[in-house]
Participant: 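Once you've had a glance at the structure underneath, I'll fire off some questions.
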Amino acid sequence: MIPARMCAVAPVTLALLALSGCSSWGCTDTTAERGTPGARVQVVDTDGRPLGVTAVLVDWRLEPHPQVPSAGDQVHFRFRFDGAGENADPAVDACAVDKKRVALGCRTVEASQAFGPAADPRTGDDWLAVEHPERVAGVLFIPDDQSHDRRTCAVDVKDGGGRHPPERPSRGEQL
């Protein structure tokens with residue numbers, strides 16, 4: 001009698017587990033395609049949809065970092081995020097590139113970093129350390145929002161998976 005009841009309940013239990021996301025066969029990870037870099041980019045989500053925010057490179061220059069002047073010249077750049085509000089804190093990768101658009105060094109900058117001096121409160125600044133500062137021809141932003149990276153299936157089978165933003169470019173990578 002008990003085995004018959006178990007056989008009757010088992011399909012319903014398995015269906016509930018599958019619908020709740022507790023099954024491992026439904027979890028997949030994908031990586032979004034990297035958007036086109038530029039000095040002014042529309043920030044996009046992992047599906048390529050604009051978020052209504054524009055990341056803008058204000059200017060850049062080579063100079064020693066004030067906290068480590070002995071390290072020599074680094075790339076000091078100013079930026080702003082137009083359209084970012086209280087409910088949105090997008091982040092994009094910023095890369096110093098040479099004249100062939102080869103990445104010399106990259107880091108992620110967030111809209112919340114743009115709280116600048118009193119003259120322009122929407123502007124922020126950051127630094128990129130590069131091995132050969134004399135090769136730097138510019139700074140580019142990658143338009144893909146890096147602020148909401150989901151957990152991977154390997155980390156969380158139940159709630160992980162889905163589309164992830166592209167990886168930060170590596171040194172030597174053509175942009």
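Residues: numbered from 1 along the sequence shown.
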Participant: For the residue pair Cys95 and Pro169, what are the closest heavy atoms and their distance?
Facilitator: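 In this case the closest contact between Cys95 and Pro169 is SG-CG, 3.8 Å.
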Participant: What is the distance from atom CZ of Arg168 to atom CD of Gln146, rounded to the nearest 0.5 Å?
Facilitator: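 If we round to the nearest 0.5 Å, Arg168:CZ and Gln146:CD are 7.5 Å apart.
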Participant: Between Asp125 and Arg78, is there a side-chain N and carboxylate O pair less than 4.0 Å apart?
Facilitator: no
Participant: So which heavy atom on Thr108 is nearest to which on Ala91, and how close?
Facilitator: CG2-CB, 3.8 Å
Participant: Just how far is it from atom CZ of Phe141 to atom CG of Asp93, taken to the nearest 0.5 Å?
Facilitator: 10.5 Å
Participant: Rounded to the nearest 0.5 Å, what separation is found between the CZ atom of Arg171 and the NE2 atom of His132?
Facilitator: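 Between Arg171 CZ and His132 NE2, I get 9.0 Å after rounding to 0.5 Å.
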Participant: Measure the CG-OG1 distance between Leu140 and Thr36 for me, rounded to the nearest 0.5 Å.
Facilitator: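 Separation between the atoms: 11.0 Å.
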Participant: According to a hydrophobic-cluster definition based on side-chain heavy atoms being under 4.5 Å apart (Ile, Leu, Val, Met, Phe, Trp, Tyr only), do Val102 and Val130 belong together?
Facilitator: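 Val102 and Val130: separate clusters.
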Participant: Can a donor-acceptor pair be found, under 3.5 Å and without considering hydrogens, that links the side chain of Asp98 to the backbone of Val136?
Facilitator: no
Participant: Passes side-chain contact (heavy atoms from CB on, under 4.5 Å), Val97 versus Arg135? Steps please.
Facilitator: CA-CA 8 Å; Val97 296; Arg135 291 180 43 202; over 6 Å; no
Participant: In the structure I gave you, are the side-chain heavy atoms of Asp73 and Pro64 within less than 4.5 Å of one another anywhere?
Facilitator: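 Side chain of Asp73 against side chain of Pro64, heavy atoms only: contact under 4.5 Å found.
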Participant: Quick one: CG on Asp89 to OG on Ser112, what's the gap to the nearest 0.5 Å?
Facilitator: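 Atom-to-atom, Asp89:CG and Ser112:OG are 4.0 Å apart.
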Participant: Mind checking whether Asp82 and Val53 have side chains closer than 4.5 Å, heavy atoms only?
Facilitator: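 Of all side-chain heavy-atom pairs linking Val53 with Asp82, none is under 4.5 Å.
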Participant: Evaluate whether atom CD of Gln174 has more than 12 neighbouring non-hydrogen atoms of other residues, nucleotides or ligands under 6.0 angstrom away.
Facilitator: yes
Participant: Tell me, with the steps shown, if Thr123 and Phe79 meet side-chain contact (heavy atoms from CB on, under 4.5 Å).
Facilitator: CA-CA 6 Å; Thr123 303; Phe79 60 91; over 6 Å; no
Participant: Please check: side-chain N/O of Arg34 versus main-chain N/O of Glu167, any donor-acceptor pairing under 3.5 Å?
Facilitator: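 Checking the backbone N and O of Glu167 against the side chain of Arg34, a donor-acceptor pair under 3.5 Å is found.
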Participant: Find out if a path of hydrophobic residues (ILVMFWY) with successive side-chain heavy-atom gaps under 4.5 Å connects Val58 to Val139.
Facilitator: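 No, Val58 does not connect to Val139 through the hydrophobic network.
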Participant: Quick check for you: to the nearest 0.5 Å, what is the distance between Arg107 atom CZ and Asp126 atom CG?
Facilitator: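 Answer for the CZ-CG pair, Arg107 versus Asp126, is 4.0 Å.
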Participant: Check the side chains of Glu63 and His76 for a donor-acceptor pair under 3.5 angstrom, ignoring hydrogens and angles.
Facilitator: yes
Participant: Considering only residues two or more places apart or on different chains, which pairs with a residue in residues 38-63 satisfy ring pair (Phe, Tyr, Trp, His ring centres under 6.0 Å)?
Facilitator: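 Those involving residues 38-63 do not exist here.
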Participant: Please name the pair of heavy atoms, one in Ala111 and one in Phe81, separated by the smallest distance, quoted to 0.1 Å.
Facilitator: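 In this case the closest contact between Ala111 and Phe81 is CA-CD1, 3.4 Å.
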Participant: Side-chain donor-acceptor pairs under 3.5 Å in residues 38-46, sequence neighbours left out?
Facilitator:
from  : atom 1 : to    : atom 2 : distance (Å)
Gln42 : NE2    : Thr54 : OG1    : 2.8
Asp45 : OD1    : Asp47 : N      : 2.9
Asp45 : OD1    : Gly48 : N      : 3.1
Asp45 : OD1    : Arg49 : N      : 2.9
Asp45 : OD2    : Arg49 : NE     : 3.1
Asp45 : OD2    : Arg49 : NH2    : 3.1

Participant: Is it true that Leu62 and Trp127 fall in one hydrophobic cluster, defined by side-chain heavy atoms closer than 4.5 Å?
Facilitator: no
Participant: Taking a hydrophobic cluster as the set of Ile, Leu, Val, Met, Phe, Trp and Tyr residues connected by side-chain heavy atoms closer than 4.5 Å, whether directly or through intermediates, do Ile142 and Val75 fall within one such cluster?
Facilitator: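 Not linked; separate clusters.
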Participant: With hydrophobic residues grouped by side-chain heavy-atom distances under 4.5 Å, do Val109 and Leu57 end up in a single group?
Facilitator: yes
Participant: So, for Pro37 and Leu175, which heavy atoms are closest and what is the spacing to 0.1 Å?
Facilitator: CG-CB, 3.8 Å
Participant: With a 4.5 Å limit on heavy-atom distance, are the side chains of Glu110 and Ser147 in contact?
Facilitator: no
